[in-house]
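Written out below as structure tokens is the structure these notes cover.
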Amino acid sequence: MPELPEVVVTLRGVSPHIVGKRVVSVAVREARLRWPVPEELPALLCGQALLEGRQRGKYLLFRFAEGHLMIHLGMSGSLRIVRPDTPVGKHDHVDITFADGTVLRYTDPRRFGTIQWLVDAPEQHPLLCHLGPEPFAEAFSGDYLYQASRGRKVPVKQFLMDNKVVVGVGNIYANESLFRSGIRPTVAAGKVSRARFGVLAEQVREVLARAIEQGGTTLRDFVGGDGKPGYFKQQLYVYGRGGENCLQCGALLREVRQGQRATVYCPGCQR
DNA sequence: CCCAAGACCTGGCGGC
DNA sequence: TGCCGCCAGGTCTTGG
């Protein structure tokens, strides 16, 4: 899925086409996502104007007068703007049509994503209330990571991917930011020094920012809100490169599994 | 509380 | 060409 950069790119891509517009119809062709799409969604949305779009971690939040539409893209989801006459594909599960004919289309082959309607403040929702800081917020710093990690035995990579620690860092960007920081992914989070966490916090922001600039990372099916793929893949140092040579030192990149996810690192550059 | 593993899905790929 | 197992951007749930 989309990690933070892909979510941000999606939000930026779709927002200009839908903010300020009124919903006239909602088509739910497949409600079986991670949790069922509410049956009342069409009735809830129709007639309301979309007031604002924002993002919290990997969740997209669209504010309406009466509540928020919350969308998560799971592993394979995408959201984009299509013309009203665009043919419907097998995995195009939901369409939200606005008064001027603009269609916001949700596509998700694996159906790990979710679409929910929130009546109360999003921050209080069970899925959002325990989330850690946004990586670009001031609260996310080396000192914060250092404090949060004391006594923790989990490998630092899994620590970094924990949404209670910081949101938005998934498998691609965890691998990449650890490489850029020279930190071995397998070391216990509690053993990483304050100084190294300082570097890591900086590199997390750096790698996410660069990826956003490039329109995200497209591995197979990600497309931004305008239907275009992202180009950050060309700048990946380690993700998907196990067994190949390190672009920095030439050593063979090592691939291991951590928490059922592929981890790739350079045994020379990351210690 | 902390941590590891299982669960949820479809589709693409490599190997035989 | 066909079938089989493995892998994939996430994260909630369960069990120790």
Side-chain angles (χ1 to χ4, degrees), chain A residues 1-11 29-37 55-60 70-80 89-93 106-116 125-132 135 148-178 185-191 204 207-208 211-212 214-224 229-236 238-243 255-264:
Chain A
M1 156 204 179
E3 299 184 36
L4 189 80
E6 293 73 33
V7 171
V8 169
V9 166
T10 295
L11 181 63
R29 299 181 200 86
E30 175 56 87
R32 296 173 305 164
L33 301 188
R34 173 146 199 191
W35 294 286
V37 177
Q55 143 273 324
R56 174 75 176 104
K58 297 170 190 168
Y59 291 89
L60 291 158
M70 180 177 81
I71 299 180
H72 193 290
L73 301 174
M75 285 279 259
S76 57
S78 62
L79 202 56
R80 60 194 171 122
K90 187 175 176 186
H91 303 294
D92 294 339
H93 305 314
Y106 175 86
T107 305
D108 186 1
R110 293 177 74 182
R111 294 191 275 118
F112 285 172
T114 184
I115 298 181
Q116 295 293 307
H125 190 276
L127 293 173
L128 304 184
C129 66
H130 298 297
L131 295 178
S149 62
R150 290 312 88 183
R152 299 286 302 271
K153 290 182 176 166
V154 269
V156 64
K157 185 197 172 213
Q158 279 148 277
F159 177 73
L160 190 58
M161 291 176 68
D162 182 348
N163 285 330
K164 291 191 280 305
V165 173
V166 59
V167 295
V169 183
N171 203 30
I172 298 176
Y173 303 111
N175 276 296
E176 294 299 311
S177 55
L178 286 163
T186 50
V187 67
K191 294 223 164 162
V204 164
V207 78
L208 294 176
I212 290 168
Q214 297 292 305
T217 299
T218 293
L219 298 179
R220 60 167 54 91
D221 47 16
F222 171 76
V223 286
Y231 298 101
F232 192 71
K233 189 178 180 191
Q234 298 161 20
Q235 289 162 56
L236 299 177
V238 288
Y239 180 84
R241 300 195 62 245
E255 178 159 346
V256 297
R257 297 201 72 82
Q258 292 183 284
Q260 295 137 271
R261 319 299 299 260
T263 294
V264 183

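No hydrogens, no waters, no symmetry mates; every other heavy atom, side chains included, goes into these values. We name chains A, B, ... by the order of the sequence lines, and we start the count at 1 in each one.
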Separation of C:dG10 atom P from A:Leu33 atom CG, nearest Å, is 17 Å

A:Arg110 CZ to B:dA7 C1', in whole Å, measures 12 Å

For A:Gly170, answer base if it contacts any base atom (sugar-phosphate contacts may also be present), sugar-phosphate if it contacts only those atoms, and nothing otherwise; contact means non-hydrogen atoms under 4.0 Å.
-> sugar-phosphate

From CG of A:Leu128 across to C1' of C:dC12 the rounded distance in Å is 14 Å

Of B:dG11, C:dA8, B:dA4, the nucleotide closest to the side chain of A:His91 is B:dG11

Query - A:Arg261 side-chain N/O to C:dG10 phosphate OP1/OP2 under 4.0 Å - result: yes

A:Gln116 atom CD is separated from C:dC12 atom C1', nearest whole Å, by 13 Å

When rounded to whole Å, the OH to P distance for the pair A:Tyr59 and C:dT11 reads 6 Å

**Item:** Pair A:Val167-A:Tyr59, side-chain contact (heavy atoms from CB on, under 4.5 Å): steps then yes or no
**Value:** CA-CA 10 Å; A:Val167 295; A:Tyr59 291 89; over 6 Å; no

Please confirm whether the shortest side-chain N or O distance from A:Gln260 to OP1 or OP2 of C:dA8 is below 4.0 Å. no

Correct closest heavy-atom pair for A:Arg34 and A:Phe112 would be CB-O, 3.6 Å

In this structure, CD of A:Glu30 is separated from NE2 of A:His91 (nearest 0.5 Å) by 10.0 Å

Of C:dG10, C:dA8, C:dC12, the nucleotide closest to the side chain of A:Asn171 is C:dG10

* Would one find a side-chain N or O of A:His72 under 4.0 angstrom from OP1 or OP2 of C:dT11? -> yes

Testing C:dA8, B:dA4, C:dC12 for proximity to the side chain of A:Pro155, the answer is B:dA4

*asked:* Counting only side-chain nitrogens and oxygens, does A:Lys58 get under 4.0 Å of the OP1 or OP2 atom of C:dT11?
replied: yes

Picking from C:dC7, C:dC12, B:dA4, the nucleotide nearest the side-chain atoms of A:Leu127 would be C:dC12

note: A:Leu131, atom CG; C:dG10, atom P; distance rounded to Å ~ 14 Å

Would you tell me if any nitrogen or oxygen in the side chain of A:His130 comes within less than 4.0 Å of OP1 or OP2 on C:dC12?
no

message: Just to be sure I understand the rule, does A:Phe159 reach a base, reach only the sugar-phosphate, or reach nothing, if contact means heavy atoms closer than 4.0 Å?
response: nothing

Ranking B:dC3, B:dC9, C:dC12 by distance to the side chain of A:Val154, first place goes to B:dC3

Ranking C:dG10, C:dA8, B:dC3 by distance to the side chain of A:Arg152, first place goes to B:dC3

>> For A:Arg80, is the CZ atom crowded, meaning more than 12 foreign heavy atoms sit under 6.0 Å from it?
In response: no

* Can you check whether A:Lys90 has a side-chain N or O nearer than 4.0 Å to OP1 or OP2 of B:dG11? -> yes

In whole Å, measure the gap between the P atoms of B:dG6 and C:dC6 for me.
14 Å

Margin query: Side-chain N or O of A:Arg34 versus OP1/OP2 of C:dT11: is the shortest distance under 4.0 Å?
Written below: no

Within the supplied structure, the quantity of interest is the number of heavy atoms (other residues, nucleotides, ligands) at a distance under 6.0 Å from A:Arg150 CZ; does it exceed 12? yes

* **Rounded P spacing from C:dC3 to B:dC9 in Å** => 24 Å

- Message: Within the 4.0 Å heavy-atom criterion, would you say A:Asn163 contacts the bases, only the backbone, or no part of the nucleic acid?
- Response: sugar-phosphate

Between NZ of A:Lys164 and P of B:dC3 the distance, given in whole Å, is 10 Å

Heavy-atom nearest pair, A:Val7 first then A:Pro2, reads CG2-CB, 4.1 Å

Does the ring of A:Phe112 meet both stacking tests against the six-membered base ring of C:dT11: centre distance under 5.5 Å and plane angle under 30°? no

Parallel, tilted or perpendicular, judged at 30° and 60°: which one describes the rings of A:Tyr106 and A:His93?
tilted

note: A:Leu160, atom CG; B:dC3, atom P; distance rounded to Å ~ 15 Å

Describe the nucleic acid contact of A:Tyr239 in one word from base, sugar-phosphate, nothing, applying a heavy-atom distance below 4.0 Å.
-> sugar-phosphate

When both distances are under 3.5 Å in a Watson-Crick or G-U wobble arrangement, the nucleotide paired with B:dC9 is none

Please determine whether a side-chain nitrogen or oxygen atom of A:Arg111 lies at a distance below 4.0 Å from atom OP1 or OP2 of B:dG11. no

